[in-house]
J.: 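Dropping a structure here in structure tokens format, bear with me for questions.
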Amino acid sequence: MILQESFYQQDVITVSKELLGKILVHQSKEGTTTGRIVETETYRGPEDQAAHSSGGRRTARNEVMFGKKGVAYVYFIYGLYHCFNIIAGDVPGKPEAVLIRALEPMAGKEIMTKRRGQQIKIANLTNGPSKMCMAMGISKSQNKIGLTAPPLCIKEAPLVPQKEIVETTRIGVDYSGEWKSKTWRFYIRDNRFVSIK
DNA sequence: TGCACGATTCTCT
DNA sequence: GAGAATCGTGCAA
């Protein structure tokens with residue numbers, strides 16, 4: 001069962017928590033890779049100063065945030081890396097998104113290892129927002145594509161119980177003033193693939 | 001047109 | 001724990 005647009009049309013915090021445990025699938029020409037989502041972060045918009053959409057800022061880069069829910073927002077960062085987000089929220093046209101920060105590798109580990117470099121250990125394959133993009137083969141060519149059908153989609157899986165979800169502050173947003181202290185980062189307790197414990 | 005910087009990662013100390 | 005790598009983007013000029 002692939003998650004449909006209605007799943008992403010819930011409150012963005014709810015979507016962030018419920019995405020934990022779900023399965024990200026990418027069918028590429030090199031083969032299919034899948035991973036269980038173990039860490040997410042919420043970016044609200046326009047009020048959230050940590051978000052690209054802060055202040056209602058709308059540019060060519062973040063244009064997709066203002067569009068349909070359940071669509072991928074992939075951006076290039078630090079001149080080297082990519083980050084993968086999913087547009088979500090219960091208000092149409094409000095620029096909010098969920099950043100996928102880490103996965104637990106499932107199918108296609110050989111392909112992921114090949115993409116990341118042969119020396120990489122399994123534990124370091126997907127434990128960070130840019131690492132998981134490299135392992136899953138996600139780049140700007142996946143920007144703006146819908147996640148409700150292959151080749152890139154998210155499959156249904158049982159909800160992770162609230163008591164196994166850790167809520168903490170977001171990473172790498174020290175510039176955002178009071179917004180940096182929002183506990184909008186969620187991960188599965190004791191999972192070894194979480195980026196930072 | 002120019003320029004400072006980032007929702008990161010890796011390497012070296 | 002510090003510093004480098006490396007360039008598209010956003011905003012000032």
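Reminder, nothing fancy here: chain letters follow the sequence lines and each chain counts from 1.
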J.: Please give the distance between the C1' atoms of dC5(B) and dG3(C) as a whole number of Å.
T.: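 The answer is 16 Å between these two C1' atoms.
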J.: So, using side chain to side chain contact (heavy atoms under 4.5 Å, CB included) as the criterion, who are the partners of R57(A) when residues are at least two apart?
T.: T59(A)
J.: Taking atom NZ of K144(A) as the centre, report whether more than 12 heavy atoms of other residues, nucleotides or ligands fall under 6.0 Å from it.
T.: no
J.: I'd like the 5' and 3' limits of the part of DNA chain B contacted by chain A, with heavy-atom contacts below 4.0 Å.
T.: dG6(B) to dC10(B)
J.: Which residue pairs satisfy the salt bridge (Lys or Arg N to Asp or Glu O under 4.0 Å) criterion with at least one member in residues 65-92 of chain A, sequence neighbours excluded?
T.: E5(A)-K68(A)
J.: Check whether F66(A) forms a cation-pi arrangement with R58(A) (NZ or CZ under 6.0 Å from the six-membered ring centre, at most 45° off the ring normal).
T.: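 Yes, cation above the ring, under 6.0 Å and within 45°.
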J.: Assess whether side-chain hydrogen bond (donor to acceptor under 3.5 Å, both in side chains) is satisfied between R185(A) and T168(A), documenting all intermediate values.
T.: CA-CA 5 Å; R185(A) 173 171 169 246; T168(A) 183; 4.8 Å; no
J.: Holding to ring-ring contact (aromatic ring centres under 6.0 Å, His included), I want the full list of residues that pass it with H82(A), two or more places apart in sequence or in another chain.
T.: F76(A)
J.: Which residue pairs pass the side-chain hydrogen bond (donor to acceptor under 3.5 Å, both in side chains) test when at least one of the two sits in residues 145-164 of chain A, sequence neighbours left out?
T.: Q162(A)-E167(A)
J.: Using a 3.5 Å limit on both pairing distances, list the dot-bracket string of DNA chain C from the 5' end; Watson-Crick and G-U wobble pairs count, crossing pairs take [ ], interstrand pairs take |.
T.: |||||.||||||.
J.: Could you pull out the protein-nucleic contacts involving nucleotides 6-11 of chain C (nitrogen or oxygen on both sides, under 3.5 Å)?
T.:
from    : atom 1 : to      : atom 2 : distance (Å)
dT6(C)  : O2     : Y78(A)  : O      : 2.5
dT9(C)  : OP1    : K140(A) : NZ     : 2.6
dG10(C) : OP1    : T59(A)  : OG1    : 2.4
dG10(C) : OP1    : R61(A)  : NE     : 3.4
dC11(C) : OP1    : R57(A)  : NH1    : 3.3

J.: Contact list please: residues 93-105 of chain A against DNA chain B, heavy atoms, distance less than 4.0 Å, in numerical order.
T.: L99(A), R101(A)
J.: What I want to find out is whether R44(A) reaches D11(A) closely enough, with some N-O distance under 4.0 Å, to be called a salt bridge.
T.: yes
J.: Can you name the closest pair of heavy atoms from V194(A) and N127(A) and give their distance?
T.: O-CB, 4.1 Å
J.: With side-chain contact (heavy atoms from CB on, under 4.5 Å) as the criterion, how do L19(A) and L3(A) come out once you've worked through the C-alpha distance, each side chain's angles and the decisive distance to 0.1 Å?
T.: CA-CA 10 Å; L19(A) 275 174; L3(A) 294 175; 4.3 Å; yes
J.: What is the nucleic acid contact for R116(A), judged by heavy atoms within less than 4.0 Å: base, sugar-phosphate only, or nothing?
T.: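 Sugar-phosphate contact only - R116(A) comes under 4.0 Å of backbone atoms but never of a base.
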J.: Mind jotting down which residue pairs meet the side-chain hydrogen bond (donor to acceptor under 3.5 Å, both in side chains) criterion with at least one end in residues 169-183 of chain A? Sequence neighbours excluded, please.
T.: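 side-chain hydrogen bond (donor to acceptor under 3.5 Å, both in side chains) check on residues 169-183 of chain A returns D48(A)-R170(A).
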J.: Provide the full list of side-chain hydrogen bond (donor to acceptor under 3.5 Å, both in side chains) pairs with a residue in residues 70-80 of chain A, sequence neighbours left out, each pair given once.
T.: H52(A)-Y73(A)
J.: Which of residues 128-138 of chain A have a heavy atom under 4.0 Å from DNA chain B?
T.: G128(A), P129(A), S130(A), K131(A)
J.: Between Y8(A) and Q10(A), is there a side-chain donor-acceptor contact under 3.5 Å, judged purely by atom types and distance?
T.: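 Not at all, the side chains of Q10(A) and Y8(A) share no donor-acceptor pair under 3.5 Å.
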J.: Using the side-chain hydrogen bond (donor to acceptor under 3.5 Å, both in side chains) rule, collect all pairs that involve residues 18-28 of chain A, keeping only residues at least two apart or in two chains.
T.: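 For residues 18-28 of chain A, and leaving out neighbouring residues, the side-chain hydrogen bond (donor to acceptor under 3.5 Å, both in side chains) pairs sorted by first residue read S28(A)-R115(A).
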